[in-house]
Structure formats: C-alpha cells, structure tokens
There are 2 protein chains.
Amino acid sequence: MEEKFIPDIVVGRLPVYLRALQQMARDGRTVTSSQELGERLGISAAQIRKDLSQFGEFGKQGTGYQIDYLVEQLRDILNVKQVWEVAVVGAGDIGNALARYQGFANRGFVVKMILDNNPELIGTAVGDFVVEDSASLVEKIRSAGIKVAMLAVPADQAQEVADKLIEANVGAILNYAPISLNVPNSIQVQYIDPVIHLQRMTYYLEQA
Amino acid sequence: MEEKFIPDIVVGRLPVYLRALQQMARDGRTVTSSQELGERLGISAAQIRKDLSQFGEFGKQGTGYQIDYLVEQLRDILNVKQVWEVAVVGAGDIGNALARYQGFANRGFVVKMILDNNPELIGTAVGDFVVEDSASLVEKIRSAGIKVAMLAVPADQAQEVADKLIEANVGAILNYAPISLNVPNSIQVQYIDPVIHLQRMTYYLEQA
DNA sequence: TAGATTGTTAATCGATTAACAATC
DNA sequence: TAGATTGTTAATCGATTAACAATC
C-alpha cells in the first residue's frame with residue numbers, strides 16, 4: 001500500500017469540508033463546486049481543489065462534485081465510516097455536556113463510558129451512562145478496545161490521566177484541560193480551551 | 001500609533017505561550033528560556049523568539065525571560081489586562097458548562113449573562129445566573145456594552161443568532177454550533193466543534 | 001572571564017494562488 | 001457547440017529554521 005505524505009494542515013481542513021458538504025446534503029443539494037464551497041467556508045476554490053486532489057479525482061469538469069459521493073470519499077479518508085467508541089474522563093460540567101452531546105451522531109463517534117475519581121459522582125447517572133470509577137480506567141478502556149478519549153478533568157490531573165490513557169492503548173486524546181500535554185509522537189492530541197480562542201480574538205478588539 | 005502587521009498564526013500562538021508561562025509562575029518558577037518553553041510546548045525555540053520579537057525585546061541574553069514580566073507583556077498584547085464581559089447564548093448543556101466554567105478567572109473573561117429562547121429555561125438558574133429571554137438579546141447585549149459572545153445554540157439557529165449578536169455590536173464570537181458562520185470581515189469568529197478535532201485525529205489512527 | 005541565551009538575518013522549506021489545458 | 005469547472009503546474013507568497021553576533 002502506497003502512503004503519500006499529506007500535510008497535516010490539509011488533513012485539518014477535510015473535516016470542515018465534510019461538515020459543510022453534509023449540511024448541503026441535508027439541505028437537499030446534490031452537486032456543488034469548489035467555488036461555492038469556498039465561498040461558504042471563506043477558503044479559496046483553488047485550495048479546496050488542491051486539497052482534494054491529494055487524495056484522488058472526485059469531481060467532473062464543467063459540473064463540479066457530487067455531494068453524496070464526495071461525502072463518502074471524505075468519510076473514508078478520515079476513517080469515520082466506522083463508528084469510534086469514545087471514553088469521557090471527568091464527569092464535571094464539561095464531561096456531562098460531552099456525554100449528553102447529540103452532535104456525535106452520524107459523524108463517526110459514540111460515547112461509550114464516562115469516568116471520574118470523585119466518590120460523590122461515581123455511580124450517578126449522566127445521560128444514558130452511569131459514572132464509573134476512574135481508578136480502573138486502564139483496564140476498562142483497554143478491555144473495551146477504546147482508542148479515542150476526551151479528557152475533561154482539572155488541569156492539575158490532566159497529565160497523569162493522559163499517561164493512563166496511553167497505557168490503556170488510546171491513540172487519540174481530545175484535551176479540554178487548559179494545559180499542554182506531554183505525549184509520545186505516536187499519540188494524537190488536540191486541544192479545546194475556550195480561553196485560547198477568546199484571547200486570539202481580543203487581540204483584534206478595541207480595548208474598552 | 002504605528003501598527004505593524006503581525007501574522008494571525010503568530011497571534012494564535014501567543015495565548016498558548018501565555019498559558020504555559022502562567023502555569024510556570026504558579027509552579028513558583030521565575031525565569032525561563034525559549035528552549036525550555038519550546039520543549040514544553042513542542043515548538044522550536046527559534047520560533048518562540050521570532051514570535052516574541054515581533055512585539056519587542058522581552059528577554060536578556062544569557063539569562064532568558066523573566067516569567068512575570070513576559071506574562072504581563074503578553075496580557076497587554078492580547079488585550080486581556082482588562083476583563084471582558086461575555087454573553088453566553090444557549091442554555092443547554094454546553095451553555096450551562098460555559099456559564100459555570102471556573103477556567104475564565106484571571107484569564108481575561110467573565111460571563112455576564114446567559115440567554116435562551118426556550119420558555120422552559122427562561123427564568124431558571126444556571127450557576128450564578130438566571131437564564132434571560134433571547135428575544136431581547138440585541139438590546140440587552142448592546143446596552144450592557146458586551147463585545148464578546150459564546151454561541152451554544154443548535155446549528156440551525158446559529159446563523160440568525162450570530163446576525164443578532166453583530167447587530168448588538170459584538171465584535172468576537174466563539175461558536176460552539178457545528179456550522180460555519182457568515183459574518184463581515186470586521187467580526188472575529190472562532191470555532192469549537194469536538195467532531196472536527198476528533199476527525200482530524202482519526203485520519204491518523206488504524207481502523208479497527 | 002566563560003557560558004548561556006537573546007534578537008535578528010539569511011536560507012530553507014512549505015503552503016497558497018493564479019492560470020490554463022483538459023474535458024464534461 | 002459553448003460554457004463551466006476540474007486537476008495540475010508553475011509562480012508567488014509566507015512561515016520556519018539555522019546560525020551567529022551581541023551581550024548579559
């Protein structure tokens with residue numbers, strides 16, 4: 001199997017294309033063009049065509065792209081034709097919101113368990129789940145074969161939990177704790193910290 | 001006042017530097033170097049020095065950077081020496097988590113109000129707030145002088161609420177709805193959609 | 001002083017865009 | 001056919017890195 005190197009910045013745009021295309025499909029659209037998609041996303045048409053061309057030829061000259069077909073191609077490329085089971089670690093407000101989030105449906109992910117180390121929370125219900133004890137996190141996640149985790153514990157516990165997730169054979173961590181994690185290169189990490197995004201915007205705002 | 005152009009990609013890294021430096025300060029550290037900070041963040045030392053040098057000379061040869069001083073400089077650059085009042089629109093699980101989030105403290109933001117259009121939620125308590133009716137969103141946000149909003153409504157309502165926020169003179173929107181917004185260039189928008197991050201990671205994972 | 005580390009320059013590397021032949 | 005739009009090439013643009021004089 002030949003493995004062509006794809007820049008990570010290109011990979012990062014594919015989910016955005018996919019989301020917009022699925023939206024178009026829901027709106028009853030069947031065909032689109034790089035120009036239309038680009039206008040919608042604030043990205044140049046050339047960049048979209050270049051990005052897609054890294055993976056194959058998905059369009060037709062003169063016509064554009066069949067939305068359903070391109071959606072399936074992108075789902076295949078991003079490995080989200082399968083549904084990934086996800087563990088949520090931390091049953092505070094963020095963990096709660098993630099365990100109950102309806103937005104994972106049909107996008108490749110399903111929450112499978114939620115864990116916490118707080119005795120007051122263990123055993124309580126969160127959405128369709130019962131909070132499990134994170135003391136046995138490694139065994140539970142490993143034996144369930146879960147490869148994706150969302151980390152929603154306090155910052156001062158995030159690194160140690162991340163270490164346990166890696167021990168449990170998790171390959172991807174979405175970290176909501178406001179701290180940079182130290183992980184091996186083989187582990188995928190993404191960060192969500194609202195303050196980082198807010199500060200990036202206030203740079204451009206006039207001071208009050 | 002001279003305005004030097006700073007690439008947005010540089011601006012985007014500054015909050016990450018700031019977060020790590022504040023962490024170091026909390027750990028009792030007083031001095032650091034571009035090398036140490038870079039190792040911590042997985043960024044090259046040269047890049048950190050280059051980024052900082054866009055704004056001034058904050059270090060000392062042979063010594064490095066005084067953490068407290070650099071923190072204050074970055075807070076100044078990012079306009080977070082002032083505290084920005086934030087409106088949360090949408091009182092579902094995500095809005096709830098945002099209204100109650102402790103992580104805004106000392107990082108430049110304070111939630112001031114939470115709004116929703118659901119009669120069942122209006123008037124109920126969320127953290128220290130009472131959910132307000134978003135029917136009068138424009139007047140409430142404008143008269144409060146709020147410039148920053150977090151958008152946590154369903155995707156199919158996000159664009160219309162965004163339009164109202166802009167009408168209310170908001171300059172920055174952090175959008176949790178899984179949809180690309182159409183806004184004027186003068187409005188800052190950032191996106192948080194966990195699925196986008198998850199799909200970016202599954203690209204690199206072995207299929208089950 | 002000797003060692004360490006900055007700020008900056010120049011070189012390298014990578015990403016984006018413009019343009020167009022191919023073709024539906 | 002005429003018009004539209006792709007996939008791709010080459011040119012441009014921008015970001016990162018390596019290296020080092022300056023200096024604490």
Side-chain angles (χ1 to χ4, degrees), chain A residues 2-18 20-21 24 29-74 77 185 200 203, chain B residues 2-18 20-21 24 29-74 77 185 200 203:
Chain A
E2 51 180 322
E3 285 292 338
K4 184 164 167 287
F5 173 74
I6 310 287
D8 181 62
I9 197 164
V10 173
V11 175
R13 281 190 293 260
L14 299 184
V16 179
Y17 300 163
L18 176 56
L21 290 162
M24 287 180 180
R29 305 285 315 286
T30 60
V31 175
T32 190
S33 65
S34 59
Q35 186 179 356
E36 185 191 40
L37 189 57
E39 278 171 14
R40 195 154 166 149
L41 298 175
I43 291 178
S44 80
Q47 178 157 87
I48 290 172
R49 292 201 304 277
K50 189 102 210 285
D51 286 352
L52 295 177
S53 75
Q54 305 260 16
F55 301 94
E57 307 191 355
F58 305 128
K60 268 206 182 68
Q61 287 102 322
T63 313
Y65 301 90
Q66 290 288 327
I67 292 173
D68 284 350
Y69 177 72
L70 187 50
V71 162
E72 289 312 302
Q73 294 298 317
L74 286 172
I77 292 165
N185 273 340
R200 184 177 189 157
Y203 172 83
Chain B
E2 51 178 323
E3 285 291 338
K4 184 164 169 286
F5 173 73
I6 308 289
D8 182 62
I9 197 163
V10 173
V11 175
R13 282 190 293 261
L14 299 184
V16 179
Y17 300 164
L18 176 56
L21 289 162
M24 286 180 180
R29 306 285 316 284
T30 60
V31 175
T32 190
S33 65
S34 58
Q35 187 180 355
E36 184 191 41
L37 189 57
E39 279 171 14
R40 197 155 166 148
L41 298 175
I43 292 177
S44 79
Q47 179 158 88
I48 290 172
R49 293 200 302 277
K50 190 102 210 285
D51 285 352
L52 296 177
S53 75
Q54 306 259 18
F55 301 95
E57 307 192 356
F58 305 128
K60 268 208 182 67
Q61 287 102 322
T63 312
Y65 301 90
Q66 289 289 329
I67 292 172
D68 284 350
Y69 176 72
L70 187 52
V71 162
E72 288 313 302
Q73 294 297 316
L74 287 172
I77 292 166
N185 274 340
R200 184 177 189 156
Y203 171 83

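Residue numbering restarts at 1 for every chain, and letters A, B, ... go by the order of the sequence lines.
- Of the residues B/Val31, B/Thr32, B/Val71, the one that meets the side chain to side chain contact (heavy atoms under 4.5 Å, CB included) test with B/Met24 is B/Thr32.
- A distance of 11.0 Å separates OG in A/Ser44 from CD in A/Gln35, rounded to the nearest 0.5 Å.
- For the side chain to side chain contact (heavy atoms under 4.5 Å, CB included) criterion with B/Asp51, the lone passing option out of B/Val10, B/Ile43, B/Val11, B/Ile6 is B/Val10.
- Whole-Å rounding puts the B/Ile9 CD1 to D/dA15 P distance at 7 Å.
- Across all strands shown, C/dA22 forms a Watson-Crick or G-U wobble pair with D/dT5, both key distances being under 3.5 Å.
- Residue B/Arg49 has no polar side-chain atom (N or O) positioned under 4.0 Å from OP1 or OP2 of C/dT9.
- Toward the 5′ end of DNA chain D lies the nearest nucleotide of A/Gly62, the other residue of the pair A/Gly62 and A/Ser53 mapping further downstream.
- The side chain of B/Gln47 contributes an N or O atom lying less than 4.0 Å from OP1 or OP2 of D/dT16.
- Between B/Leu41 atom CG and D/dT16 atom P the separation is 14 Å, expressed in whole Å.
- Here D/dT17 sits opposite C/dA10 as a Watson-Crick or G-U wobble pair (both hydrogen-bonding atom distances under 3.5 Å).
- The distance from atom CD of A/Glu57 to atom C1' of C/dA21 is 14 Å, rounded to the nearest whole Å.
- Taking atom CD on A/Gln73 and atom C1' on D/dG7, their separation rounds to 16 Å, with Å as the unit.
- Separation of atoms CD (A/Glu72) and CG (A/Leu21) is listed at 11.0 Å; rounding is to 0.5 Å.
- Summarising the geometry, the separation between NZ on A/Lys4 and P on C/dG14 is reported as 14 Å, rounded to the nearest angstrom.
- What separates CD1 of A/Ile48 from P of C/dT17 is a distance of 11 Å, to the nearest Å.
- Phosphate contact (OP1/OP2 of C/dC24, side-chain N/O of A/Tyr65, threshold under 4.0 Å): absent.
- At D/dT17, one or more side-chain N or O atoms of B/Ser44 fall inside 4.0 Å of OP1 or OP2 (strictly under the cut-off).
- Note that OG of A/Ser34 and NZ of A/Lys50 are 14.0 Å apart. Values are rounded to the nearest 0.5 Å.
- Comparing D/dT5, D/dG7, D/dT23 against the side chain of B/Gln61 picks out D/dT23 as the nearest.
- A close approach under 4.0 Å does not occur between any side-chain nitrogen or oxygen of B/Thr63 and OP1 or OP2 of C/dT5.
- Rounded to a whole Å, the NZ atom of A/Lys50 is 16 Å from the P atom of D/dT6.
- For A/Phe5 and C/dC13, the CZ to P distance is 14 Å, given to the nearest whole Å.
- Checking D/dT9, D/dT5, C/dT8 against every side-chain atom of A/Ser33, the shortest atom distance belongs to D/dT5.
- Residues B/Ala46 and B/Gln35 both approach DNA chain C. Their nearest nucleotides, taken by heavy-atom distance, put B/Gln35 toward the 5′ side.
- Mapped onto DNA chain C by nearest heavy atom, B/Thr32 and A/Pro7 fall at different nucleotides, with B/Thr32 at the one closer to the 5' end.
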